[in-house]
Amino acid sequence: MADAVPASPFARVETQGVDFPALERAILKFWDEHGIFDKRKALNAGKPKWSFLDGPITANNPMGVHHAWGRTYKDAYNRYFAMTGRDLRYQQGFDCQGLWVEVEVEKELGLKSKRDIENLVPGDPEASVDRFVQACKDRVDKYARVQTDQSVRLGYWMNWDRGDADWAERPDDRKSYLTMSERNNYTIWAFLQKCHRKGLVYRGYDVMPWCGRCGVGLSEMEMKEGYKYVEHKAAFVRLPLKDRPGENLLVWTTTPWTLTSNVGAAVNPELTYLKVRVKGEVYYVANGAFKLNRMEGGGDEEDAAAAGGKKKTREWLPGVPHLSSIEQHFKVRAGKGETYEVVGEVKGADLLGLAYAGPFDALPAQNHEYGFPEDVAKVTRQSGKWPAVTAAAAHTVIDGGKDVTETEGTGIVHTAPGCGAIDYGWGRANGLPPVAPIDDAGVFVEGFGPFVGMNAADPATAEVVFEELKTADRLFATERYVHRYPHCWRCKTELLYRLVDEWFINMGPRNTEDGFRGDIMKVVDRVTFLPESLNGRARERDWLWNMGDWMISKKRYWGLALPIWVDEKDPTDFEVIGSREELRERAVEGWAEFDGHTPHRPWVDKVKIRNPRTGNLMSRIPDVGNPWLDAGIVAYSTMPADWRPADFITESFPGQFRNWFYALLAMTTMMSDGREEPFRNLLGFATVLDQYGKPMHKADGNSIEFIAAADKGGTIPDATGKPLQYGPIGADVMRWLYCRQNPANNLNFGPTPADEARAKFILKLWNCYGFFCNYAALDGFDPGTPQVPVAERADIDRWLLSDLQLLITTARGAFERYDVMAFCLAAEEFVDAKLSNWYVRRNRDRFWSKNADLDAAGRKDKLAAYQTLHTVLLDLCRLCAPVVPFLTEVMWKNLASGGRQPPESRFPESVHLTDYPAADESLVDADLSADMAAVQRIISLGGAARNAAKVNVRRPLAEVRVRTGSDADRRAVDRFPDLIRDELNVKRVTRLDPPAADLLRATVKLNKKVAGGKFGPRLKEVEQVVAGLDARQYDTNLLRDLFPHPLDGMSIDLGDVTFEYKALEGWAGVVDGNTQVAVDTRVTPELKAEGLARDVVRFVQNARKDAGLDVADRIELFLGTDDAELRAAINTHWGTIAAETQAVRRLDQQPADAFTAAVTVDGRPLTIALRKV
RNA sequence: GCGCGUAUAGCUCAGUUGGCUAGAGCGCAGCUCUGAUAAAGCUGAGGUCCUUGGUUCGAAUCCAAGUACGCGCACCA
């Protein structure tokens, strides 16, 4: 036989211990060396476009596995559309500018503050900023390069910058886009100028958390990391009402330094306020606040969550006395033996508009029109939203609405518009001018009398405040108070709320569809958000509806230079420059120094222009831009007009509805005057968690770097926190894991899910492939042999080909809908249930020499099997290529190398140069698919029946009877009787169609789904009638479609009921729907002997394996036993045993030099000895 | 505080227009099969379908309230 095997075109395939990551690296090399990607691009050049827009990745660190999720989607859809013949751009992007890069560079250089940055070159802030900005650029280049290499490793096909020469290019000339490129920055200039021409850019003031030590404002994100429980000294302060002598508002604050800047007092008009008299003075206090136990509740939600979610008592620090109630403070104030008196109550609404005397009205800052200091006042005046009053003159009771509660403080809120965000808002609404007391170091500025030069964060400052208040007899009480307070996450000092000037884009009135906001909404309505379950459009609309104006400035160094030039004498007079050319034309100073530099600090700051209205010089504001401007403009700055809009974008959605998605939508709306969308389809996906469902954090050690997952392996804590080593997962397993995931749900990533994905899909496919190649190689299958016409192939071949077409249809539909998960789940099902566990398992014999005689007889059965499996594997490679490009390429190269004869022309050299499969309708045979499903179900029921009878499959049984429940059942039994016999190990299959003899005993139940609609309220009654009847009688009658119990004219029909069955004596049976299967459980001596023989075969096979023999080795076999029945069985079935075990000779004596095994067959001793011949 | 969403087995999740004994994968226990397979098959244990009320002949499913969790927004005087 062996000498008849022709040279095989297929390489042998290892199925054990395959190093997939190593194969992947080899494929990368193959792609490079053969220019596969370039060949793909050449194939598609000039064809219809499919436009993908890459969301820029922050080039600040190596990639983590969370980056790989989105990049896998991006590559998979790119590859799919490439394989369906579309022209693609293949441009990937890096996000380069912003504080996160600055922070990392500060760490690298050991810098701790802005002052450190500006002193990098001692005494030369400008040179320092230059050096710092250069360091940021260098870091971006460094990690962009690392991320490029890692993306290549993932298999992400893009036009990458690979060599040193590529990276030596200016960012504008590289293949990837970089948001720090001049093109990107100047396009944003154009955008901002367009906004300005519509009158939307304005300078505003905003109160933000500020670190006095670092001299920097902190964003919300940064702030959330720094909350700590701290103790502050809080104060109750009385504010005398000007028109009601002897009456006072009582306010409370935890930040006494802000009292210097008090302008208003806010009440909730809905609340009731008590008038409480003590020591001759009357105080207003909210009724609910007065007797409140302040140690209960009160604390905010985050406190409660931090305390385990249940706790209702306030978090407190040890050693700090618990809070007294406000009533208690009044009692103390009253003094020994005295008490307070409630003398009346009023609604908050009745207090509105009352004027009061502030705590520090003598300070110059309190007596400056439009607020303080002067530059604040200037902007306030210019805005037109404030009246010309001083703070001291503005002191009135204002409406704080629901934000004023009775659970904190007194129900009357001290309002300092220069020291709090909500205060600032109230101030603007009520004409209270902002008073801003501190500079960028947190120190009181001139105009604050005794406080000038004091640090607001210093506890000593609060003591000075108290002294001053005491002297003026304004201090009612002080107390030690514990609360969560934000701190700088870098230097840990307490943050201060500080009024700073920032630049905004006016988005139009909130909670309307007007203005810029409304224009964006109209665009949002034209794009598709996926997956549907996320309600992405509603989320985006919700953000657009509620968002405030867009703050575009940040007081930092590395980023977009905001193109805003301000008059040197008038901070309210500014211009927005729209391009480099415009700036050159307008420049009156500094152009020569700037020329040749990118538009970044410090060089662009040198350029001055002339104000045509005043003739004054105008200077650029020192602020840099919000980084979402950088990312949002890329739909314009990177895509030529003929590629817009993008067909597809995909990013992790948490946060992006207010970040990238928003920025894209807003900027494209502005640039196109609402005519264009930035994208047509947006696929959002959730977050990568660790394999136990916890967020990945570097500090917790549970985050996984991309390179560890791809090639290196690593260590994570297991469920109990102990270190757990894991090996490399590889790119394809990762990619499969990502693609099969529901994008709406968080993904638990780790070695365990990876092992599952590998076992569930990758290895199954690989083993089918290995099976094919190894047998084809041994057997000399020649793929060049003319194809056996499909019509002449076995049913099971045509079945597999038919179901393959269904998979192809599913695949194309799924990719077109951007629902790759649907494809992956269908592919898993196909490979597992159809290919591996059915086709390959059922057809093993056909691939080996056993059936050679069938082909010899002209049936071409084996050839058909090889050709069928070959076709299916090739198509599967192409179907899965977008998702697992490495695995499919390895398989393709071997499977398609069968093209050696006829030469390479038959198959492209790479699976990625093929077209995506298209379903061949002529191969679809719905009846056949239904029949095969039916036979599988029948076999499964038969197995369950054997199981119920506890007779294992090795024991042959006489008969299985199938009572068919459908046409498919009937056809299945006729078409595949041998299949049923073989799988169930029975001698005979009998088909019974209803009406039939009582194979199983019937009981009947009402089908409520059908009957409910028919009988309605009388269903219970009908159910009782049905239950009371004799089942056998019933069955017969029903089968005649009659029912013996008329119910007021309504009859019960066959469709109204379902049957249940039980097996008869000597049989075991089960039922599913209308299909019943029963096996004869009676074992005859003949059957018994056959079963024993099968056991013997199995033990001999094990012995062969243990002896280390190859599948193809022939043996001499000795079988020795004392048991007569076993010996008889062996004698009877020797022919079968010999054939199965490749025994060429039976030995009478146990040979001395043989491999020997002693086993027990059904309780009988057996000695096996075998020897290779 | 406001808004949106979720709550089903130990874990991760399906469950269609309301309808039969509520399912899958993983894990666990047992059995079985195996010369392509790191596999695979079968069976079993394991459920207050978050709680309460309502609609209905009938609710995991629809409605209301509550609870818990997640997300977004606003804030923390």
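Chain identifiers are assigned alphabetically (A, B, ...) following the order of the sequence lines, protein sequences preceding nucleic acid strands; residue numbering begins at 1 within each chain.
Proximity of a side-chain donor or acceptor of A/T1141 to a complementary backbone N or O of A/V1100 within less than 3.5 Å is not detected. Checked by atom type and distance alone, the side chain of A/N430 pairs as donor or acceptor with a backbone atom of A/W426 at under 3.5 Å. A donor-acceptor pair is defined here as one N or O able to donate and one able to accept, closer than 3.5 Å; such a pair exists between the side chain of A/Q741 and the backbone of A/N745.
Atom OH in A/Y481 sits roughly 12 Å away from atom P in B/rC76 (whole-Å rounding). We find that CG of A/L737 is positioned 13 Å from P of B/rC13, with the value rounded to whole Å. Rounded to an integer number of Å, the gap from CG of A/N745 to P of B/rU12 is 11 Å. The distance from atom CZ of A/R1094 to atom P of B/rG35 is 11 Å, rounded to the nearest whole Å. Atom NZ in A/K760 sits roughly 8 Å away from atom C1' in B/rC26 (whole-Å rounding). The interatomic distance linking A/R658 (CZ) with B/rC73 (C1') rounds to 9 Å, in whole Å. Between A/R510 atom CZ and B/rC2 atom C1' the separation is 12 Å, expressed in whole Å. Separating the CG atom of A/D542 from the P atom of B/rG5 is a distance of 11 Å, rounded to the nearest angstrom.
Taking the C1' atoms as reference points, B/rG30 lies 23 Å from B/rU21, given to the whole Å.
The two residues A/I762 and A/W736 make their nearest non-hydrogen contact at CD1-CB, 4.5 Å.
When distances run from any side-chain atom of A/D832 to the nucleotides B/rG72, B/rG41, B/rU37, the shortest one goes to B/rG41.
Side-chain atoms of A/R1104 come within donor-acceptor range of the base of B/rG35, with a qualifying N/O pair under 3.5 Å.
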